[in-house]
Amino acid sequence: MIRFLNSLSRAVEPFQPLDPAGKVVKMYTCGPTVYSFAHIGNFRTYLFEDLLQRHLEARGYTVNRVMNITDVDDKTIRNSRAADVPLAEFTEKFTAAFFEDMRTLRIKDANVYPAATDPENIAEMIVMIDFLVKKEIAYQAEDGSVYFRINRFADYGHLAHLDLDELRPSGRIQSDEYEKESLGDFALWKAWDVADGPVGWDSPWGRGRPGWHIECSAMATRILGPQVDIHCGGVDNLFPHHEAEIAQSESYTGKKFVRFWLHSAHLLVEGQKMSKSLGNFYTIRDLIGRGFTGREIRYALLRVNYRLQLNFTFDGMVEARQSLLRLDEWIHRLRDLAAEAPPDKEYPPATSDSFFAALDDDLNISAALAELFKQIRTTNQLMDANELRPGQAAALLQWWENVNQVLQIQSNEEMIPAAVEELLRQRAAARTAKDWQLSDALREKISDLGWTVKDTKDGQKPTKTR
RNA sequence: GGCGGGGUAGCCAAGUGGUAAGGCCGAGGUCUGCAAAACCUCUAUUCGCGGGUUCGAUUCCCGCCCCCGCCUCCA
């Protein structure tokens, strides 16, 4: 039985999808706002969602996941105008970059990636807002924008456990919002402003653009229906974004919008909040540029439970790299031993469920990885003692296939480049001649090309190390 | 001020009312021409601090200290 810590109840609850057949899981994940390259903090959340999806699938569920692309908001408009590029062209570039980074991190594609500006989504938003206005749950203020009247939704504040009477104005509330009836009312439709330039859509309330919160409500409802099983995002979205989504969606459909809310904690970098001014702001591209691979980044960001703040450090990246090399080594040994042998399906360690059982418990990745590494150590011991049979090794590889289906951290097998092949040939000759000096010099050269060569009783074994 | 998360070995981190998983780093060893890899041994008598409950608490209760996040559009 899978259990999740539901932000709504703040309790661990057994998970069951709404689907009467108990098979399909409807999942909505808040996606990127494509105004620049997404950073590693964003991807921490997307990686958590990927782990969630893959584990649900490992447990036999079919996940129908939607991830939205926010391609119109203050920042996209501001940055596109600053770059003097039309909005669509501007966001297109960062949307493409986003997908590229997702592939680098081996994140599984969502079933649908709706964009806020898709005509069908704008239309859906207008239908929803229109409904809310007619019910007087929303109103058009003097500035032309349409706002949601939060005191018409009794449950507002429930998810975040906020007492609205205690909300005090912060510096972020600008004086230009005085048109609202109540401080907490949020925009559903933003009236066109000169700063919006050519960006805008016609609506019953005049030209304007959608508010951020309504996007998700409209897209989730249009694609997944009035109720979704799991809705995820970063904790920062818990309030007001998700609170607003609940208010809008439930006021519109009259049904409970989301059954399980899962929120991932934020990322710190070297113990501090990531910010451009501190110079500790990293994108996936930045880390690739520093010589790290996608799977190393994936592992580093995935290995701490999503509910905990993760302190991203370069020491942590090295730890990730070293752990993965140990894993690679284990796989290579198993493959060499297994060769073409048929898997021994009766071999108990290869039938172990402990890795997945650990993930059942609110995605306890630390405990799950511990199970993996215990498996690695015990099978290495057996192989050292020559006590593992080929069929057992083959069975363990099948077990690993299943685990890797969730983790996605196996190395991509690299072809040995011709230059390395040549050096290996020369080195083999030197070793036959017992010319150790030359042998060591050639090992250095090979190392310079990014390959480590090990001498075993079966000869040289090269592995790519960077 | 309100709400929430966290303080476990050098670092990351799991965990339970019964005596501390796992990973990385480090030291020594086996193996090796030397390495590498793998394995073995060592590395927290102790889980922020002080009380309490209990036969027994890191785990439950009370108080305190420290770090971090959110409090209206930031994953």
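In what follows, chains carry the letters A, B, and so on, assigned in the order in which the sequence lines appear, proteins first and then strands, with residues in each chain numbered from 1.
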Base paired to [N] (Watson-Crick or G-U; both N/O distances under 3.5 angstrom):
| N | result |
| --- | --- |
| B:rC34 | none |
| B:rU59 | none |
| B:rG4 | B:rC68 |
| B:rU16 | none |

[X] has a side chain; which of [options] sits nearest to it?
| X | options | value |
| --- | --- | --- |
| A:Lys273 | B:rG4, B:rC70, B:rC24 | B:rC70 |
| A:Trp212 | B:rA75, B:rA38, B:rG33 | B:rA75 |
| A:Asn364 | B:rC34, B:rC39, B:rA14 | B:rA14 |
| A:Gln381 | B:rC40, B:rA14, B:rA75 | B:rC40 |
| A:Arg10 | B:rG33, B:rG4, B:rC24 | B:rG4 |
| A:Leu268 | B:rC68, B:rA14, B:rC24 | B:rC68 |
| A:Lys374 | B:rC39, B:rA21, B:rG2 | B:rA21 |

Any donor-acceptor pair under 3.5 Å from [X] side chain to [Y] backbone:
| X | Y | answer |
| --- | --- | --- |
| A:Asn68 | A:Gly31 | yes |
| A:Thr221 | A:Ala218 | no |
| A:Asn121 | A:Ala115 | yes |
| A:Asn111 | A:Val66 | no |

Mind calculating the distance between [atom1] ([X]) and [atom2] ([N]) to the nearest angstrom?
| X | N | atom1 | atom2 | result |
| --- | --- | --- | --- | --- |
| A:Leu267 | B:rC68 | CG | P | 15 Å |
| A:Arg209 | B:rC73 | CZ | P | 13 Å |
| A:Phe186 | B:rC73 | CZ | C1' | 10 Å |
| A:Glu243 | B:rC74 | CD | P | 17 Å |
| A:Asn386 | B:rC31 | CG | C1' | 14 Å |
| A:His242 | B:rA75 | NE2 | P | 10 Å |
| A:Arg307 | B:rG5 | CZ | P | 10 Å |
| A:Asn380 | B:rG22 | CG | P | 15 Å |

For B:rA75, is there a stacking contact with A:His39, counting only centres under 5.5 Å and planes under 30°?
no

Nearest-angstrom distance, P atom, B:rC68 to B:rC60:
25 Å

Which whole number of Å gives the distance between the C1' atom of B:rA20 and that of B:rA9?
10 Å

Ion pair A:Arg298/A:Asp50, N-O distance below 4.0 Å
yes

Looking at A:Lys461 and A:Asp455, does any basic side-chain N land under 4.0 Å from a carboxylate oxygen?
no

Give a yes or no on whether the ring-centroid distance for A:Tyr156 and A:Phe153 is below 6.0 angstrom.
no

Looking at the rings of A:Phe281 and A:His39, which for Trp means the six-membered one, are their centres under 6.0 Å apart?
yes

Counting only distance, no hydrogens or angles, is the base of [N] paired donor-acceptor with the side chain of [X] under 3.5 Å?
| X | N | result |
| --- | --- | --- |
| A:Asp440 | B:rG33 | yes |
| A:Asp455 | B:rC34 | yes |
| A:Arg326 | B:rC24 | no |
| A:Thr45 | B:rA75 | yes |

On RNA chain B, does the nearest nucleotide to A:Met274 precede the nearest nucleotide to A:Ala320 from the 5' side, or the other way round? Give the residue.
A:Ala320

I want to confirm an ordering. Mapping A:Leu327 and A:Asp361 to their closest nucleotides on RNA chain B, which one lands closer to the 5' end?
A:Asp361

Would you indicate what [X] reaches in the nucleic acid, counting non-hydrogen atoms under 4.0 angstrom: base, sugar-phosphate, or nothing?
| X | value |
| --- | --- |
| A:Ser323 | sugar-phosphate |
| A:Gly41 | base |
| A:Arg377 | sugar-phosphate |
| A:Phe373 | sugar-phosphate |
| A:Val453 | base |
| A:His241 | nothing |
| A:Lys190 | base |

Measuring only between side-chain heavy atoms, which start at C-beta, is A:Ile230 closer than 4.5 Å to A:Phe4?
yes

Tell me whether the OP1 or OP2 atom of B:rC31 has a side-chain N or O from A:Lys457 closer than 4.0 Å.
no

Going by the angle between their ring planes, with limits at 30° and 60°, are A:Trp261 and A:His263 parallel, tilted or perpendicular?
parallel

Sugar-phosphate means primed atoms, P, OP1 and OP2; the rest is base. With that split, encode nucleotides 6-12 of chain B 5' to 3' as B, S or - using protein heavy atoms under 4.0 Å.
S-----S

